[in-house]
Structures are given as structure tokens and as C-alpha cells.
Amino acid sequence: MINKYELTKSWHKLTTAQAVNERIAPKSGGVLHHTVFDVLCLIAHHPEITIQGVVRHPYFYNTSLSTIKRAIVTLLDEELIQSIHSTTDKRENLLSVVEVLKWAT
């Protein structure tokens with residue numbers, strides 16, 4: 001059973017996350033789609049994660065590979081993340097957030 005405190009805390013986290021998303025300034029304008037934003041947050045939390053690492057993360061268990069790939073392509077196009085070839089396995093691309101994110105003014 002969930003209690004009122006947990007719901008209140010969840011609401012605070014949701015509104016904080018939305019405020020962060022609104023401060024990101026995508027080239028396309030507006031805000032990032034929630035899946036794109038979720039992938040961005042995971043990449044920030046796990047630098048040098050691979051696409052398969054994102055797909056296998058329990059948070060995305062109900063999200064298709066194609067949806068995650070589209071989110072990653074969007075983040076790359078928006079220059080919010082970068083992809084670097086792994087030194088140990090050239091087939092792997094390591095994803096990380098760019099050093100300086102563009103914020104809305």
C-alpha cells in the first residue's frame with residue numbers, strides 16, 4: 001500500500017524533472033518528449049552506457065528498441081549527447097552527455 005508521503009514525494013520529483021526538461025533548449029524548440037528526456041537522464045546517470053545498456057535497464061523494460069534508438073538519434077541531433085567508439089570493442093558506441101548542455105534563457 002502506498003501512503004500520502006510517498007505520493008507527495010513523487011509529485012515533487014515529477015515537477016522537478018519537468019522543470020529541468022523545460023530548461024533544456026532543443027534546436028527544434030519546445031521540450032523533449034518524455035522518453036527522450038528519460039533516456040538523457042539515464043545517460044547522465046550512467047556515462048559511457050551503450051544502447052544495449054539503455055535497452056536492458058529495468059526502467060525501459062516496456063520500451064521498444066526502435067523507440068530508444070529514435071530517442072538517442074534525437075539527442076545526438078540536438079547535440080545533447082555524444083557517441084564515442086569503445087576502445088575495447090569497436091562495435092560498441094559509448095554514450096555520454098556533452099559537457100555543456102544548452103539551456104533555455
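Predicted, not measured: the structure shown is a model, and the values here were computed from it.
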Hydrophobic cluster membership, with links at side-chain heavy-atom distances under 4.5 Å among I/L/V/M/F/W/Y: are Val54 and Leu40 in one? yes
Approximate separation, where rounding is to 0.5 Å, of Asp38 CG and His57 NE2: 11.0 Å
I want to check something: taking the side chain as every heavy atom from C-beta on, are Ile81 and Ser96 in contact at a cut-off of under 4.5 Å? no
Measure the NZ-CD1 distance between Lys4 and Ile2 for me, rounded to the nearest 0.5 Å. 13.5 Å
Taking His34's backbone N and O only, do any of them form a donor-acceptor pair with Asn21's side chain (distance below 3.5 Å, no angle check)? no
Answer yes if Leu94 and Phe60 sit in the same cluster of Ile, Leu, Val, Met, Phe, Trp and Tyr residues linked by side chain heavy atoms under 4.5 Å apart, and no otherwise. no
Check: Glu6 side chain, Asn3 main-chain N or O, donor-acceptor pair, under 3.5 Å: yes
Residue pair Gln82 / Val97: nearest heavy atoms and the distance that separates them: NE2-O, 4.3 Å
Honestly curious: do Val73 and Ile43 fall in one hydrophobic cluster under the side-chain, below-4.5 Å linking rule? no
Does any N or O in the side chain of Lys27 come within less than 3.5 Å of the main-chain N or O of Asp77, such that one atom is a donor and the other an acceptor? yes
Nearest 0.5 Å please: distance from the CH2 atom of Trp11 over to the OG1 atom of Thr16. 10.5 Å
Which atom pair, heavy atoms only, marks the closest approach of Ala71 to Val39? CB-CG2, 4.0 Å
Look up atom CG in Asn93 and atom CD1 in Ile49, then write down how far apart they are to the nearest 0.5 Å. 13.0 Å
What heavy-atom pair brings Leu65 and Gln52 nearest, and what distance separates the two atoms? CD1-NE2, 4.2 Å
Where do Gly30 and Pro26 come nearest, in terms of heavy atoms and distance? O-CD, 3.5 Å
When you group the ILVMFWY residues by side-chain heavy-atom contacts below 4.5 Å and let the links chain together, are Val31 and Leu42 in the same group? no
When rounded to the nearest 0.5 Å, the distance separating CD of Glu78 from CD1 of Ile24 is 10.0 Å
When you compare the side chain of Leu95 with that of Thr50, does any pair of heavy atoms fall below 4.5 Å? no
Could you check whether any side-chain N or O of Thr67 sits under 3.5 Å from a backbone N or O of Thr63, counting only pairs where one atom can act as donor and the other as acceptor? no
I'd like to know whether CD of Gln18 has more than 12 heavy-atom contacts from other residues, nucleotides or ligands below 6.0 angstrom. no
Show your working on side-chain contact (heavy atoms from CB on, under 4.5 Å) between Val36 and Leu80 and close with a plain yes or no. CA-CA 11 Å; Val36 177; Leu80 297 172; over 6 Å; no
More than 12 foreign heavy atoms under 6.0 Å from NE2 of His85: is that the case here? no
Within this structure, what is the OG1-NE2 distance for the pair Thr74 and His33, rounded to the nearest 0.5 Å? 10.0 Å
